[in-house]
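Below is one structure, written out as structure tokens, with a few remarks after it.
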Number of protein chains: 4
Amino acid sequence: MTRGRPERKQRANGVESRRRILDAAVEIAGERGYEGTSIAAVSAKCGLPASSIYWHFKDKDDLIAAVIERSFETWLAAVRLPGEDEGTPLERVTLMAANVARSLVEAPDFLRLGLMLALEHRPVQPSGRTVFLHAREIAHQRVADVVRTFFPTLDETAVRTVTTYAVAGSDGLFVQREIGGESVDLVALLELHARTVYGLAEGMSGGGEGGA
Amino acid sequence: MTRGRPERKQRANGVESRRRILDAAVEIAGERGYEGTSIAAVSAKCGLPASSIYWHFKDKDDLIAAVIERSFETWLAAVRLPGEDEGTPLERVTLMAANVARSLVEAPDFLRLGLMLALEHRPVQPSGRTVFLHAREIAHQRVADVVRTFFPTLDETAVRTVTTYAVAGSDGLFVQREIGGESVDLVALLELHARTVYGLAEGMSGGGEGGA
Amino acid sequence: MTRGRPERKQRANGVESRRRILDAAVEIAGERGYEGTSIAAVSAKCGLPASSIYWHFKDKDDLIAAVIERSFETWLAAVRLPGEDEGTPLERVTLMAANVARSLVEAPDFLRLGLMLALEHRPVQPSGRTVFLHAREIAHQRVADVVRTFFPTLDETAVRTVTTYAVAGSDGLFVQREIGGESVDLVALLELHARTVYGLAEGMSGGGEGGA
Amino acid sequence: MTRGRPERKQRANGVESRRRILDAAVEIAGERGYEGTSIAAVSAKCGLPASSIYWHFKDKDDLIAAVIERSFETWLAAVRLPGEDEGTPLERVTLMAANVARSLVEAPDFLRLGLMLALEHRPVQPSGRTVFLHAREIAHQRVADVVRTFFPTLDETAVRTVTTYAVAGSDGLFVQREIGGESVDLVALLELHARTVYGLAEGMSGGGEGGA
DNA sequence: TATGAATGAGACTTCATTCAT
DNA sequence: AATGAATGAAGTCTCATTCAT
């Protein structure tokens, strides 16, 4: 019973506690989804009692929403967009795709949890879902900007179609990777996807037969 | 107890009860996922007491697995593959995509619930997940067969890549539709996807530089 | 550890269990009020686990409402109204008052809990309060009938005033008894009240100066 | 820390904070009773953190006791007893009753909360109950004094009976008003009560057959 | 004179499941 | 082929209170 360290972390530190709670929650929620994330489990993993979690977050819904928000920011920071002027357009797009792929492999919790929430259709939606959809909208806009940059002649309908297709493919390949594990080379697949989308946009840009 | 007119439906009918339970469960599980599906909720929706559900299914895990299985069959039945010899290859592939799209709009529960299960990573996975992955494997094989039929010169690695890419894109577009609702034209997007994949396979088939 | 009686009352008996729960709840709620009545305490007192209470009652609110309802019936049964034709009118009224007093001493839970609920003004009222007010309305009507019987010339406004005054005095004297305990002779006080109200009604009946 | 303009109210003011806490507490306790009054709710209503409440009051019990005490004083201040020598004795008594009625309509919290506490019978009684009973004893004495003044020939037993009856009737009519809301004319009813009690005392004073 | 943060206990309620009938 | 009743475990959340600052 000789307690090496006194361990009576009496020093109240809200910021640090909040971080610990989010760290624990992002891990559990990323694995088990909304319902599967119990406050007791988060409490056990972060070392703070359940009642302390309620000091920092109004309720479970609020906690999950904060998890989504923070993990989106983490993920955004992990996507390092390359400098503006390296290589051909196609090479640059491919590089972006590889960066996205790496960020999704490194910090997959955001998208995994987000997709779980997005697929649910509860009568009363968790607010984390709203936060996710909002984050997703931001990502969508960024992709759209890239599309517009590389294919300035595309009309807005075509931009939207290409962007939607690009994002959806990315989602699908991420799911594939989540199911297949490390045997799925997400970097290679997203690079392939980038080239494909590039070709698609090129086709819509040159010949007027856009669509969908 | 022999009542005058027999068979007035009150007298138990196992098959019918089982169907009612599955009908209720597929709806709830498709909305709320595995953890979100409580036996009590299924009981309330189907009108049978909870204990009756346990007469038909070993436990909740078994019920969800059965839900996945049956909704896969429902979905399979909804995919009406077109006759073999109408139109050009590209037209035929596009037609298939449209059919898949329609089936996913009509019977989305299978894929929605399945993806939710697939994205989870719990210590002990629900057997419904296994059932889903198995069904998915079947679908994957069917797509692979189509790819081989249309592009007999593709090597197996390329077939796998194209198939994976085709399925992943389909998943991603399905997610898009689940998020965006009716404003997303899944038929058009999957037709576009079909043409894109067709072009991709063609490219890998003709020039030898396949990949991933 | 030698368990004398097997005590595994496996024999499911809903009616009996429900009664045991209500018996426990009426006692606790009569002493401690709505908020003071915890499901855990009821569970401990009746021997059934908390979850079993929820088989018989939707929630705590439902339980308390049932408690009020049953204890009202118990109390009503305890008020033995005297035969129609014994003694003078004043004697008969006094006898009624004594009977009411005895019933309130014997089964005070109904009125004690009811008054506690009635005095509360929560944003969302417990449904037990509604049940109590309804029961009280019934009691009010009975008293009004007695008033009308003995003073047929009273107009309805006067009947209402006399009845209200009679019931209010009864409530107040009951409170007095609850505070003062056995040192308060409720029977004597209610008999006095009966005579007083009788005189009041007589006065309003003869001279036309009713009021309030 | 010496700010330019001092005393801009931000700088703590114990008396004012204490008042705000009591203001919030009297409202909540008057609505919900002892158990229904949570420190968190008081904190939310008064805008001070829960820990500040514990700076001003030892514990919840202490807070409620202070609430009772202050609201009793508020109520006492609201009872404006009339000058000694206006009108006939009956008129003066009636005027007193009207004043009491008005004070109970204006400041009902004291009596409402007090009666809730008085009706409870917990193993360990809140000290607010004691405070209430003490305040009530004071009120009782005042009424007894009035009775003695107007009916000097009454013996002490009769004085006690009349006083008890007077107070009980007042309580009962107050409850009636709390239940019935503004549709109950408390002033009229208490005036009626005053006349009735006056008559009762007169009867006991003249003929020697007092009672109870 | 306050207060941000923490905390163990306990609140109500639902959970999946069982069992005798 | 079913079901009424029961139940221990676990769920989310609130409680009154403390303590270092």
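Lettering of chains follows the sequences in order, A, B, ..., and the numbering in each one begins at 1.
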Is it true that a side-chain atom of Ser52(C) and a backbone atom of Leu48(C) form a donor plus acceptor pair closer than 3.5 Å?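 Judged by distance alone, no pair lies under 3.5 Å.
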Chi angles and distances behind the salt bridge (charged side-chain N to carboxylate O under 4.0 Å, His left out) call for Glu120(C), Arg129(C): CA-CA 9 Å; Glu120(C) 291 177 2; Arg129(C) 189 180 198 258; over 6 Å; no
Ala41(C) or Arg18(D), whichever maps to the more 5' nucleotide of DNA chain E: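 Closer to the 5' end of DNA chain E: Arg18(D).
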Check whether the side chains of Ser127(D) and Asp61(D) place a donor and an acceptor atom closer than 3.5 Å, and report yes or no.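 The answer is yes; a qualifying pair exists.
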Examine Lys60(B) relative to Tyr54(B) and say whether NZ or CZ is less than 6.0 Å from the centre of the six-membered ring and inside a 45° cone about the ring axis.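 Lys60(B) over Tyr54(B) ring: no.
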Taking 4.0 Å as the cut-off, does a side-chain nitrogen or oxygen of Ser38(D) come that near to OP1 or OP2 on dT14(F)?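 No, no such contact exists.
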Check ion pair Arg32(B)-Glu27(B) (N to O, under 4.0 angstrom):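 A salt bridge is absent here (no side-chain N lies under 4.0 Å from a carboxylate O).
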Could you list the donor-acceptor pairs under 3.5 angstrom formed between side-chain atoms of residues 62-70 of chain B and any protein atom two or more places apart in sequence or on another chain?
residue: Asp62(B); atom: OD2; partner: Lys58(B); partner atom: N; Å: 3.0
residue: Arg70(B); atom: NH1; partner: Asp23(B); partner atom: OD1; Å: 3.1
residue: Arg70(B); atom: NH2; partner: Asp23(B); partner atom: OD1; Å: 2.7

Would you mind reading off the distance between [X] atom [atom1] and [N] atom [atom2], rounded to a whole angstrom?
{"X": "Ile21(D)", "N": "dT1(E)", "atom1": "CD1", "atom2": "C1'", "value": "11 Å"}
{"X": "Glu35(D)", "N": "dC12(E)", "atom1": "CD", "atom2": "C1'", "value": "14 Å"}
{"X": "Ile39(A)", "N": "dG11(F)", "atom1": "CD1", "atom2": "C1'", "value": "10 Å"}

Minimum heavy-atom distance Ile53(D)-Ser43(D), with the two atoms named: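 Looking at all heavy atoms of both residues, the closest pair is CD1-N, 3.8 Å.
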Can you name the nearest heavy-atom pair linking Gly30(D) to Leu113(D), along with the distance?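 Nearest heavy atoms, Gly30(D) then Leu113(D): CA-CB, 4.4 Å.
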How would you label the contact of Thr37(D) with the nucleic acid (heavy atoms, under 4.0 Å): base, sugar-phosphate, or nothing?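 The answer is sugar-phosphate, as Thr37(D) gets under 4.0 Å only of primed atoms, P, OP1 or OP2.
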Tell me which residues in residues 48-63 of chain D lie within less than 4.0 Å of DNA chain E, going by non-hydrogen atoms.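 Only Leu48(D), Pro49(D), Ser51(D), Ser52(D), Trp55(D), His56(D) qualify.
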Under 4.0 Å from any atom of DNA chain F, heavy atoms only: list the residues of residues 22-30 of chain A that qualify, in numerical order.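 The answer is none.
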Given Watson-Crick and G-U pairs under 3.5 Å, DNA chain F in dot-bracket ([ ] crossing, | other strand) is .||||||||||||||||||||
How would you list, by chain and number, every residue that makes a side chain to side chain donor-acceptor pair (under 3.5 Å) with Glu31(B), sequence neighbours excluded?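 Expected list: none.
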Partners of Asp59(A) by side chain to side chain donor-acceptor pair (under 3.5 Å), sequence neighbours excluded?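 None.
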Could you tell me if the ring centre of Phe72(B) sits under 6.0 Å from that of Phe132(B)?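 Not close enough - the centres of the two rings lie 6.0 Å or further apart.
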